[in-house]
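Supplied in structure tokens, the structure appears directly below.
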Amino acid sequence: MTRPPLAAIVLAAGRSTRMRSERPKVLHEVLGLPLVLHVVRAARDAGAERVVLVVSPEHREAVAAALAGEEGLDFAVQEEARGTAHAVLAARDALGGFRGTALVLMGDAPCVRPRSLEALLREHRARAARCSLLSGRLDDPRGYGRVVRGPDGDVTAIIEEKDADPATRALREVNTGTFALELPACWELLERVEPSPHTGELYLTDVVQLARASGARVHAEPAADPGDALGVNTRAQLAQVTATLRERINAEHMARGATIVDPRTTFIDARACLEEDVRIEPFTVIEGPCRVARGAVVGPFAHLRGEVEIGPGARVGNFVEVVRSRLGAGSRALHLAYVGDASLGDEVNVGAGTVFANWDGQRHRECEVGRGASLGANTVLVAPARLGAGARTGAGAVVVRTEVPPGDTFVGVPARSRSGAEGSEA
Ligand code: UD1
Ligand code: CA
């Protein structure tokens, strides 16, 4: 069966005053990705062939730069933030004469999952609806638009909190902000939206009443997980969505065979990959597109950052930070170490307190440590430095931009071969 055409319009042009931030709200990051990128990816995964991102003129460049790697993304500028209905209309030119279903998504609601979008689209199509929306049931619905249903269960209106009376405020079913709209039919509905008497904004949510007035029924599909509804208007909500996405990511890794001893204290970047039988000990932060291979153990109190590769069976332990580095199979950095911009072969032992001094004051420099090498406690490797296979350093050695030959042992400050031979410039 061929699927009807699907586009997505992601709204990211609001003023975001409640964040009190210089940075556009939608670029605040959650587990490694800007808020809006979580949304764009969900739309793609749900089958949107084209995605139009609505941005403000002042943040256009910053948003485009942050999403530079994403293909097939179009930008539309909303000249003035006049409300969500106005923002959707700003995407009209970019969509040309698109005919089909458009998913409208809020760029500040990163928890919406592809499977919820798919459920919404399924119901929308099954009912041959013109306008449908995804709702969520929240214990604390404050700040969200409330979904008002008639006796037949159809939605009669969405009332924004600011415009709601106490009875409406007591409703716990909220508008997630995600809509499925048939285009071009809905352009005309959007054009008929009038400014709110309270805020002067043009609300997307008003299309519900307008659709009903034109005789169409409006379906609200409840999201399976209330977390899908969460939006970010404040820093407190940013923390809330971080917690939600963190739990989901951790649950996925566990389902795929990783042990996470304490998911509550484990932060894993949305881009990270963990193989089966990885074990993550408590208080671990994995930040960046890290890869942790089968049987490796990370933590407790470990921090991986940037592009990091932890080889099979390798171990990164207490108070160890690994940045833009690779640890080969069976290598160990178990206590109080900083490994930055380094490539470590298999079976390397990094002694307690070892530091890779990778910053020369101008730029990051690299170190290489060969297979089976062993760094004594409190070694400092001043980059660039190289240790050959099986090389060793004594406790407290400071290896300054030098190459340690395979099998040799360097000691002292600056470190020299214990056999008396000098190292050569690395
Ligand atoms: C909106 C919904 C509310 C819903 C909530 C879910 C409306 C009127 N209200 O409220 O029913 O419960 O989202 O999170 O739609 N934006 C623009 N241009 C504008 C205004 C906003 O692009 O002129 C963008 C914002 O950048 C943001 C999104 O639209 O990403 C939502 O705007 P926001 O002001 O946060 O709406 P809420 O008050 O949260
Ligand atoms: Ca919002």
Side-chain angles (χ1 to χ4, degrees), residues 8-19 21 23-28 34-40 43 52-60 62-63 75-91 94 104-112 116 131 133-138 140-148 155 157-164 168-169 171-179 181 190 193-210 220 223 226-238 240-241 244:
I9 302 171
V10 179
L11 307 188
R15 278 186 290 261
S16 46
T17 41
R18 290 164 282 187
M19 286 292 278
S21 176
R23 198 177 341 166
K25 170 171 70 178
V26 295
L27 293 188
H28 282 259
L35 289 173
V36 68
L37 191 48
H38 288 275
V39 181
V40 168
V52 177
L53 196 57
V54 180
V55 293
S56 66
E58 52 285 23
H59 293 145
R60 185 191 196 291
V63 176
F75 289 86
V77 174
Q78 183 190 18
E79 290 299 339
E80 213 187 319
R82 293 180 55 203
T84 45
H86 184 255
V88 176
L89 281 168
V104 174
L105 298 136
M106 301 292 161
D108 64 354
C111 298
V112 68
S116 298
C131 161
L133 64 114
L134 188 70
S135 71
R137 193 166 283 280
L138 293 180
D140 179 5
R142 275 177 300 173
Y144 294 84
R146 307 296 202 281
V147 174
V148 182
V155 181
I158 293 171
I159 309 290
E160 291 307 298
E161 168 136 327
K162 298 166 223 158
D163 309 327
T168 309
R169 283 186 186 208
L171 297 172
R172 292 207 279 157
E173 189 180 6
V174 304
N175 169 30
T176 63
T178 301
F179 281 74
L181 302 178
L190 286 158
V193 170
E194 298 276 349
S196 149
H198 295 99
T199 62
E201 283 186 31
L202 300 160
Y203 294 161
L204 166 61
T205 45
D206 282 1
V207 297
V208 172
Q209 279 120 307
L210 291 168
D228 278 55
L230 298 175
V232 175
N233 294 330
T234 62
R235 305 267 181 170
Q237 288 172 324
L238 186 64
Q240 205 183 5
V241 304
T244 299

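Values in this document were obtained by computation on a predicted structure and should not be read as measured data. Whatever order the structure lists ligands and atoms in, that order sets their numbers, starting from 1.
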Would one find more than 12 heavy atoms of other residues, nucleotides or ligands at under 6.0 Å from atom CZ of Arg15?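 Open.
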
Is there any N or O on Ala13 that sits under 3.5 Å from an N or O of ligand 1?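 N/O-N/O distance under 3.5 Å: yes.
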
Taking side chain as C-beta onward, heavy atoms only, is Asn233 less than 4.5 Å from Lys25?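 Touching, per the 4.5 Å side-chain cut-off.
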
Pairs of nitrogen or oxygen atoms closer than 3.5 Å, one from Asn175 and one from ligand 1: do any exist?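 N/O-N/O distance under 3.5 Å: yes.
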
Look up atom CD in Glu161 and atom CZ in Arg142, then write down how far apart they are to the nearest 0.5 Å.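 So the CD of Glu161 and the CZ of Arg142 are separated by 8.0 Å.
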
Looking at Asp108, pick out the N, O or S atom nearest to the Ca ion (ligand 2) and give its name.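 Of all N, O or S atoms in Asp108, the Ca ion (ligand 2) lies closest to OD2.
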
Measure the shortest side-chain to side-chain distance between Leu171 and Val147 over non-hydrogen atoms and say whether it is less than 4.5 angstrom.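 The answer is no; the side chains never approach within 4.5 Å.
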
Closest approach of any protein heavy atom to atom 31 (C) of ligand 1, naming residue and atom: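 Protein heavy atom at minimum distance: Met106 SD, 3.3 Å.
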
Can you confirm whether Leu133 sits close enough to Ile158 that some side-chain heavy atom of one is under 4.5 Å from a side-chain heavy atom of the other?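 Side chain of Leu133 against side chain of Ile158, heavy atoms only: contact under 4.5 Å found.
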
Exam field: side chain Arg60 to backbone Val77, donor-acceptor pair closer than 3.5 Å: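 Here the side-chain-to-backbone pair does not exist.
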
Any N/O/S of Met106 under 3.0 Å from the Ca ion (ligand 2)?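 No - counting backbone and side chain alike, Met106 has no N, O or S atom under 3.0 Å.
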
Does atom 28 (C) of ligand 1 have a protein heavy-atom neighbour under 4.0 Å away?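 It does; a protein heavy atom is within 4.0 Å.
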
Under-4.0 Å protein heavy-atom contact, atom 36 (O) of ligand 1: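 No, no protein heavy atom sits under 4.0 Å from atom 36 (O) of ligand 1.
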
Consider side-chain contact (heavy atoms from CB on, under 4.5 Å). Of Gln78, Met106, Glu201, which one does Thr84 pass it with?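 In the set Gln78, Met106, Glu201, the residue that makes a side-chain contact (heavy atoms from CB on, under 4.5 Å) with Thr84 is Met106.
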
Do Ser196 and Glu160 have side chains that get closer than 4.5 Å, going by heavy atoms?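 Not touching, per the 4.5 Å side-chain cut-off.
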
Got the closest protein heavy atom to atom 25 (C) of ligand 1, with its distance?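 Among all protein heavy atoms, the one nearest atom 25 (C) of ligand 1 is Gly14 N, 3.5 Å.
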
For the 3.5 Å polar cut-off, considering only N or O atoms, please tell me whether Gly145 and ligand 1 meet it.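 Yes - when backbone and side-chain N and O of Gly145 are compared with those of ligand 1, one distance drops under 3.5 Å.
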
Are Leu138 and Leu230 close enough that some pair of their side-chain heavy atoms sits under 4.5 Å apart?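 Yes, close enough: below the 4.5 Å cut-off.
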
Is any N or O atom of Leu11, backbone or side chain, closer than 3.5 Å to an N or O atom of ligand 1?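 For ligand 1, there is an N or O atom that lies under 3.5 Å from one belonging to Leu11.
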
Below 4.0 Å from ligand 1: does a non-hydrogen atom of Ala12 turn up there or not?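 Yes, that is the case, since the closest heavy atom of the residue is under 4.0 Å from the ligand.
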
Report the distance from atom CZ of Arg146 to atom OG1 of Thr205, rounding to the nearest 0.5 Å.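 If I round to the nearest 0.5 Å, the distance is 12.5 Å.
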
Taking a cutoff of less than 4.0 Å between a non-hydrogen atom of the residue and any ligand atom, is Gln78 in contact with ligand 1?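 Yes, that is the case, since the closest heavy atom of the residue is under 4.0 Å from the ligand.
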
Are any of the heavy atoms in Val174 under 4.0 Å away from ligand 1?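 No.
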
Contact (N/O only, under 3.5 Å) between Ala87 and ligand 1: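 Not met; the criterion fails.
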
Are Val232 and Met19 close enough that some pair of their side-chain heavy atoms sits under 4.5 Å apart?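 Touching, per the 4.5 Å side-chain cut-off.
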
Arg82, any N or O under 3.5 Å of ligand 1 N or O: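 Checking ligand 1 against Arg82, an N or O pair does fall under 3.5 Å apart.
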
Quick check: do Val88 and Val54 have side-chain heavy atoms less than 4.5 Å from each other?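 Of all side-chain heavy-atom pairs linking Val54 with Val88, none is under 4.5 Å.
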
Take every heavy atom of Arg18, measure it against each atom of ligand 1, and state whether any distance is under 4.0 Å.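 Contact check Arg18 vs ligand 1: positive.
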
Heavy-atom distance to atom 8 (C) of ligand 1: which of Thr84, Leu133, Asp108, Val232 wins?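 The nearest heavy atom belongs to Thr84.
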
Return yes if some donor-acceptor pair links the side-chain N/O of Thr176 with the main-chain N/O of Gly136 below 3.5 Å, else return no.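 A pair under 3.5 Å: no.
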
Provide the number and element of each atom of ligand 1 under 4.0 Å from a heavy atom of Ala81.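 Near Ala81, the atoms of ligand 1 are 23 (O).
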
Have a look at Glu160, Lys162, Gln237 and point out the one with the heavy atom closest to atom 9 (N) of ligand 1.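 It is Glu160 whose heavy atom sits nearest to atom 9 (N) of ligand 1.
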
How does Lys25 reach ligand 1, if at all, at less than 4.0 Å between non-hydrogen atoms: by side chain, backbone, both, or neither?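 Answer for Lys25: side chain.
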
Looking at NE2 of His86 and CG of Leu11, how far apart are the two atoms once the value is rounded to the nearest 0.5 Å?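 The NE2 atom of His86 sits 12.0 Å away from the CG atom of Leu11.
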
Evaluate Asn233 for polar contact with ligand 1, using N/O atom pairs at a separation under 3.5 Å.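 Such a contact does occur with ligand 1.
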
Just to check, does Glu80 reach to within less than 4.0 Å of ligand 1 when the distance is taken from its heavy atoms?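 Contact check Glu80 vs ligand 1: negative.
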
Does Val54 come within less than 4.0 Å of ligand 1, judged by its heavy atoms?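 Per 4.0 Å heavy-atom rule, Val54 does not contact ligand 1.
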
Atom 23 (O) of ligand 1: which protein heavy atom is closest, and how many Å away?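 Checking every protein heavy atom, the shortest distance to atom 23 (O) of ligand 1 gives Gly83 N, 2.8 Å.
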
